[in-house]
Visitor: 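Handing you a structure now.
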Amino acid sequence: MIRFYNTLTKRKEEFIPIEDKIVKLYTCGPTVYDLAHIGNFRAYVFEDLLHRYLEYRGYKVIRVMNITDVDDKTINGAKSQGISLREYTDRYIKIFLEDMETLRLKKPDFLPRATEHINEMVELIKKLLEKGYAYYKDNSIYFSISKFSSYGKLSGIDLSQIKVGARVDTDEYEKEDVRDFVLWKSAKEKEVWWETEIGKGRPGWHIECSAMSMKYLGETFDIHTGGVDNIFPHHENEIAQSESATGKKFVNYWLHCAHLLVNGEKMSKSKGNFYTLRDLLNKGYNPVAIRYLLLSTHYRDPLNFTEKSLKQAENTVKNYNEFYQGLNICASRKYNPEIKKEIEKAKERFIKGLDDDLNISFALSSIFNLIKIVNIFFSKGEFGAENVKEVKEFIEEIDSVLCIIEKKEEFLPENILNLIKEREIARNKKDYKRADEIRNILKEKGIFLEDTPYGTRWKKITKT
RNA sequence: GGCCUGGUAGCCAAGCGGAAAGGCAGCGGUCUGCAAAACCGUUAUUCGCCGGUUCAAAUCCGGCCCAGGCCUCCA
């Protein structure tokens with residue numbers, strides 16, 4: 001039984017999808033005005049874990065990730081560079097997709113761009129106007145939150161507590177109630193706008209997610225995710241406009257991931273303490289270690305990112321891969337049935353952990369325990385050829401979720417194998433000079449040899 | 001000011017009422033031609049602080065301190 005902490009109900013709940021074995025998942029994506037930083041990627045890695053784990057548990061996942069390609073930041077960015085909005089956002093979308101691949105993030109089934117769904121948004125706004133939830137003011141259209149009685153149910157915000165006027169209202173548009181939010185912004189000079197049935201203008205921020213999620217997933221769907229900072233106002237507003245338009249519940253489970261801190265502080269440009277993925281790659285860090293680091297802390301806990309912890313993650317990933325790469329030697333002719341039992345136990349705990357609101361730490365500990373047990377059996381000479389295979393298969397199976405192993409060619413070419421044999425003979429003759437020579441030759445080729453009491457084991461290592 | 005998280009070894013991090021998981025790093029040892037790996041032992045008598053409830057609390061309750069988030073840009 002999978003359980004998730006649902007922001008809507010503020011407790012862990014059993015996950016039951018609307019349709020058996022199918023999960024409709026909407027994950028808030030990037031605003032493509034700049035490079036995403038690792039704080040953003042923390043959210044995307046969390047969403048990737050969710051996506052992959054649901055598939056591992058046998059669900060067919062239909063996932064949407066929106067791309068916000070029209071808002072103040074993208075418009076200003078394009079303007080300042082003197083290029084079209086499309087040209088500007090295309091560039092950052094391309095980079096984003098490359099970064100996703102670098103972090104081994106599974107591609108969502110749909111990556112809809114806001115600018116390609118203006119019609120859907122217009123239809124939705126029309127419906128809100130017809131039903132009286134929205135109103136015009138100076139050619140812009142606003143959502144009237146006083147018409148939606150359960151406004152605040154997601155964030156738990158108490159509207160009477162909002163300090164009206166405490167902040168400088170930077171919105172240049174007039175609205176009836178300062179707490180209302182804009183659905184459609186009237187066209188301004190030198191800005192992008194669309195000629196539509198509801199007027200000349202461009203969409204507000206929240207409407208795209210409602211329009212696109214409902215287009216691809218239906219009026220009610222299973223899971224919606226994002227960072228905690230999206231709870232209010234973004235997701236609160238999505239609920240208000242979607243449920244007002246359809247009269248149906250919008251989303252069953254809301255999952256939000258906590259923020260990433262850098263050296264214990266919030267990331268900010270003024271402090272200069274934020275990293276993009278590319279910053280870290282340029283410093284020589286292994287992208288898989290970045291993935292592992294972002295993955296290995298529970299998504300609802302704040303994650304304090306430091307280069308020290310990234311180095312630790314690199315070591316963990318390296319050790320883990322060396323264990324996996326070394327699975328090519330057996331210590332016994334006999335099959336050891338205990339290993340199969342240990343694998344089953346590890347698998348059970350892996351699932352138990354992740355079923356419980358994606359408790360990754362618990363799940364990972366089961367894997368590391370298994371590794372230790374396998375090593376013990378190996379050193380006791382109780383690890384047969386079939387055992388090698390079953391351990392390897394298990395590590396590969398769970399890697400559909402974790403994605404941290406380096407899959408390399410399983411076999412070595414004939415000439416390499418012959419060299420290893422030659423070295424064995426040399427060692428038996430105590431010709432250590434030749435033996436070390438061969439080990440060095442192979443090391444140059446990225447093949448690392450380890451002598452064990454049961455023969456020589458090889459590992460394909462990534463040169464650093 | 002209101003609301004919400006988190007504070008567990010050198011670092012990261014589970015556990016959330018009944019003998020302190022796991023990872024990284026360090027130290028000592030075993031094995032080894034040398035490497036490397038692995039294994040064993042060791043590193044928190046104690047879980048931010050102070051009270052309370054209980055036979056029993058890191059876990060529940062109250063107060064306090066610290067860090068972070070949200071309160072219409074934000075993953």
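Quick caveat, the model's predicted, so the values are computed rather than measured. A note on names: the letters A, B, ... follow the listed sequences, proteins ahead of strands, and every chain is numbered from 1.
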Visitor: Determine: side-chain N/O of Asn319(A) to OP1/OP2 of G23(B), distance under 4.0 Å, yes or no.
Guide: no
Visitor: Take Ile38(A) and Phe305(A) through the side chain to side chain contact (heavy atoms under 4.5 Å, CB included) test and state the conclusion after the steps.
Guide: CA-CA 9 Å; Ile38(A) 49 161; Phe305(A) 180 89; 3.5 Å; yes
Visitor: How is Phe378(A) classified with respect to the nucleic acid when contacts are heavy atoms under 4.0 Å: base, sugar-phosphate, or nothing?
Guide: nothing
Visitor: Mind checking if Leu260(A) touches a base, just sugar-phosphate, or nothing, with heavy atoms under 4.0 Å?
Guide: base
Visitor: For His235(A) and His256(A), take the angle between the two ring planes, folded into 0 to 90°, and tell me which bin it lands in: parallel under 30, tilted 30 to 60, perpendicular over 60.
Guide: tilted
Visitor: So if I take every side-chain heavy atom of Gln312(A) and compare against G10(B), A75(B), A25(B), which nucleotide ends up nearest?
Guide: G10(B)
Visitor: Given G68(B), A21(B), A75(B), which nucleotide is nearest the side-chain atoms of Asn369(A)?
Guide: A21(B)
Visitor: Please state whether the rings of His206(A) and His234(A) are parallel, tilted or perpendicular, taking 30° and 60° as the class boundaries.
Guide: tilted
Visitor: Using a 4.0 Å heavy-atom cut-off across all strands, classify Ile367(A) as base, sugar-phosphate, or nothing.
Guide: nothing
Visitor: Does Asn230(A) put a side-chain nitrogen or oxygen below 4.0 Å from OP1 or OP2 of A75(B)?
Guide: no
Visitor: Distance alone, cut at 3.5 Å: any donor-acceptor contact between the side chains of Asn66(A) and Thr68(A)?
Guide: yes
Visitor: May I ask you to say what Arg423(A) touches in the nucleic acid, namely base, sugar-phosphate or nothing, with a heavy-atom cut-off under 4.0 Å?
Guide: base
Visitor: Would you state whether a donor and an acceptor, one from the side chain of Arg439(A) and one from the base of A35(B), lie under 3.5 Å apart?
Guide: yes
Visitor: Could you work out which one of A37(B), U72(B), C11(B) sits closest to the side chain of Phe181(A)?
Guide: U72(B)
Visitor: Below 4.0 angstrom from OP1 or OP2 of C40(B), is there any side-chain N or O of Lys372(A)?
Guide: yes
Visitor: Does G15(B) have OP1 or OP2 sitting under 4.0 Å from an N or O in the side chain of Asn359(A)?
Guide: yes
Visitor: When we call it a touch if two heavy atoms are under 4.0 Å apart, what does Ser366(A) touch: a base, just sugar-phosphate, or nothing?
Guide: nothing
Visitor: Stacking here means centres under 5.5 Å and planes under 30°; does Tyr432(A) stack on G33(B)?
Guide: yes
